[in-house]
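Scroll down for the structure; my scribbles are underneath it.
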Amino acid sequence: MYVRHSAAVLAAAVVIGAAAPAIAADSSPSASPSPAGSPSPSASAKPTYPAELYGTTDPTYDGVWRQSLAMLAQNTVGVKPAPKAVDWLLTQQCANGAFAPYRADAAADCDAKTLVDTNNTAAAVQALVALGGHDAATSKAVTWLKSVQNKDGGWGYMPGGASDTNSTSVVIGALAAAGEKPADVRKDGQSAYDALNKLALPCKGDDGGAFAFQPDKKGKLLANADATAAGVLGSLGKGLVVSPGKETPAADCTDGGYPSSQQAAVNGAAYLTEALAKDGHLTSTLPGAEDQPDYGNTADAVVALAALSGADGAEKPLRWLEQNSAKWAKQSGPAAYAQLILAAHASGADPRDFGGADLVKQLNATGPAPQAAAKATNEEKKDDSPFGVWWYVGIFLVVGIGIGFLLSGRKKGPQA
């Protein structure tokens, strides 16, 4: 979901580590920032973060993302997030409209050192539009997103970065949510759909129909399951929240010259269907590590397939998630619960009885109590679990050995 997409986040990590030009926004947060107004922790002290934030782990790279996904998922199932959770999200916006993943001191003005990005900004737009009543904030954010569109019509994770499928797709979702027509948002005559089409592999050849994250150093497109799930939604003009599509049979990958966006979505879905056919899940592949089931990207694939072909198209991976995702979600925290809720919603399943688990209750427990629950009980006001680790943060532990591999566009490891 897309910085649910580790490839995009890892790309940003490389840019940051390479001392890329500063991006407009406030001093970049430390690896373990303290909440505004609190004393700096000692070396042995465990840092704490705002009570308004979902999850208890370091929000440096994903605070706004997981907050946005959590509130989107709650809104989807009729739960009203706590006002203070919404207020926290709004404080993360810079004056120019962009969102940083986490601003420890939200009272300070954003400046050239603040690392803002398209993914967190686009996710925040989708959440705030869904909640309603935040037109000024979303309008500024959309204006900023338009201002950093690349000449090929797409977006990179950070302004000025090469366009990638994940970032372009999540921005399409934000534009559509805000009432824009993505096809009409152009730079040098190119739209986001043009950018996505150029990142789609032709049907003839290995991994036909898949999307690449970006071209590799030689300009070759390499299939990426995470990017493909994002690319299907982007090509359909849809965002993070979708309802089941029409019950249509899965179509084969078909080359028709330069593919239309609809055909690119069909082709991507055909690739995902084949990738899921054997085990019902996608696989995480990292250098030096054994292949593992990729829960987050499987959830993304469920959303993509359901958006195109309805519940039947996503049934096999959905059932696999119902049977196998509980431990992963508990360890990974609010964004993981949100991904599963959005997958259940997209495929018409019940997120309150997902393989016997109440995903809504579990998500609510990771943050401030929702409005209705706050009056009735204190049970869900905090997360008592020692887990709550955002899904892709662990990926940073292997940046040193895996970053080149992931950025080459190969199938990647888990993310949210």
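Just so we're clear, the structure is a prediction, and the values are computed from it rather than from any experiment.
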message: Determine whether Thr283 and Asp291 satisfy the following criterion, side chain to side chain donor-acceptor pair (under 3.5 Å), listing intermediate values before the conclusion.
response: CA-CA 6 Å; Thr283 301; Asp291 290 355; 5.9 Å; no

task: Please report the C-alpha distance between Gln190 and Lys198 in whole Å, then the side-chain angles of each, then the deciding distance to 0.1 Å, and finally whether the side chain to side chain contact (heavy atoms under 4.5 Å, CB included) criterion is met.
output: CA-CA 11 Å; Gln190 299 294 298; Lys198 294 172 185 175; 3.3 Å; yes

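- A donor-acceptor pair shorter than 3.5 Å can be found between the side chains of Asn166 and Asp226.
- In this structure, Asp279 contributes its side chain and His281 its backbone to no donor-acceptor pair below 3.5 Å.
- With respect to the salt-bridge test (charged N to carboxylate O, under 4.0 angstrom), the residues Arg66 and Asp62 qualify.
- When all heavy atoms are compared, the tightest approach of Leu199 to Leu221 is C-CD1, 4.0 Å.
- Legend: residues meeting side-chain contact (heavy atoms from CB on, under 4.5 Å) with Gln149, ordered by chain and number and at least two apart, are Trp155, Val185, Lys187.
- Taking CG of Leu145 as the reference point, atom NZ of Lys140 lies at 13.0 Å (rounded to 0.5 Å).
- Listed for the Gln263 side chain is no donor-acceptor partner under 3.5 Å among the backbone atoms of Asp255.
- Proximity of Asp194 to Arg186: side-chain heavy atoms (C-beta onward) are separated by under 4.5 Å at one or more points.
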message: Show, in sequence, the C-alpha distance, side-chain angles and deciding distance for Val241 and His345, and conclude whether the side chain to side chain contact (heavy atoms under 4.5 Å, CB included) test is met.
response: CA-CA 8 Å; Val241 178; His345 175 76; 4.0 Å; yes

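- In this structure, Tyr271 and Gly208 approach most closely via the heavy-atom pair CB-O, 3.8 Å.
- Nearest heavy atoms, Thr165 versus Ala227: CG2-O, 3.2 Å.
- Summarising the geometry of Pro244 relative to Ala311, their closest heavy-atom pair is CB-N, 4.5 Å, with the distance given to 0.1 Å.
- Rounding to the nearest 0.5 Å places OG of Ser347 at 10.0 Å from CG of Leu305.
- With a 6.0 Å radius and a threshold of 12 heavy atoms from other residues, nucleotides or ligands, Asp188 has its CG atom above the threshold.
- Residues Phe354 and Leu321 form a side-chain contact, since some pair of their non-hydrogen atoms from C-beta on lies under 4.5 Å apart.
- Of the possible polar contacts, one joining the Ser169 side chain to the Ala230 backbone as a donor-acceptor pair under 3.5 Å is found.
- A donor-acceptor pair is defined here as one N or O able to donate and one able to accept, closer than 3.5 Å; such a pair exists between the side chain of Gln214 and the backbone of Ala162.
- Between Asp353 and Asp358, every side-chain heavy-atom pair lies at or beyond the 4.5 Å cut-off.
- Relative orientation of the Tyr102 and Tyr49 rings is perpendicular, given thresholds of 30° and 60° on the angle between their planes.
- At distances below 3.5 Å, at least one donor-acceptor pair connects side-chain atoms of Ser167 with backbone N or O atoms of Tyr157.
- In this structure a side-chain-to-backbone donor-acceptor pair under 3.5 Å is missing from Thr121 to Thr118.
- Atom OH of Tyr337 is separated from atom CH2 of Trp328 by 10.0 Å, given to the nearest 0.5 angstrom.
- For the pair Leu222 and Leu201, the minimum side-chain heavy-atom distance is 4.5 Å or more.
- Nearest approach of Ser163 to Thr168, heavy atoms of both residues: CB-OG1, 4.3 Å.
- Atom-to-atom distance recorded for Leu233:CG and Asp300:CG is 8.0 Å, nearest 0.5 angstrom.
- Between Leu131 and Pro81, the closest side-chain pair of non-hydrogen atoms falls below 4.5 Å.
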- request: Go through the steps to decide whether Trp144 and Val125 satisfy the test side chain to side chain contact (heavy atoms under 4.5 Å, CB included), and finish with yes or no.
  value: CA-CA 11 Å; Trp144 180 81; Val125 168; over 6 Å; no

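- Smallest separation of non-hydrogen atoms from Ala265 and Leu308: O-CD2, 3.9 Å.
- Among residues two or more places apart in sequence or in another chain, the ring-ring contact (aromatic ring centres under 6.0 Å, His included) test is passed with Trp88 by none.
- In this structure, Gln126 contributes its side chain and Leu240 its backbone to a donor-acceptor pair below 3.5 Å.
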message: Under the criterion side chain to side chain contact (heavy atoms under 4.5 Å, CB included), I'd like the reasoning laid out for Glu180 against Lys146: C-alpha separation, chi angles, the key distance, then a yes or no.
response: CA-CA 11 Å; Glu180 299 277 350; Lys146 290 181 178 180; 3.0 Å; yes

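- Between the side chain of Gln339 and the backbone N or O of Gly296 there is at least one donor-acceptor pair closer than 3.5 Å.
- Using a 4.5 Å cut-off on side-chain heavy atoms (C-beta onward), Asp117 and Trp65 make no contact.
- Taking Ala124 as the reference, Val64, Ser68, Leu89, Phe99 meet the side-chain contact (heavy atoms from CB on, under 4.5 Å) condition, with sequence neighbours excluded.
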- request: Begin with the C-alpha distance, continue with both residues' side-chain angles, and end with the deciding distance and a verdict on ring-ring contact (aromatic ring centres under 6.0 Å, His included) for Trp320 and Tyr295.
  value: CA-CA 9 Å; Trp320 184 87; Tyr295 301 88; 5.2 Å; yes

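- Between the side chain of Asp216 and the backbone N or O of Gly219 there is at least one donor-acceptor pair closer than 3.5 Å.
- In this structure, Tyr61 OH and Asn120 CG are separated by 12.5 Å, a value rounded to the nearest 0.5 Å.
- Residues Leu276 and Lys316 have side chains not in contact (no heavy-atom distance under 4.5 Å, counting atoms from C-beta outward).
- Using a 4.5 Å heavy-atom threshold, the side chains of Asn96 and Cys110 count as separate.
- For CD of Glu322, the number of neighbouring non-hydrogen atoms (other residues, nucleotides, ligands) closer than 6.0 Å is greater than 12.
- Taken from CG in Leu363 to OH in Tyr54, the straight-line distance is 6.5 Å, to the nearest 0.5 Å.
- In terms of modelled atom types and a separation under 3.5 Å, the side chain of Asp294 and the main chain of Leu282 share no donor-acceptor contact.
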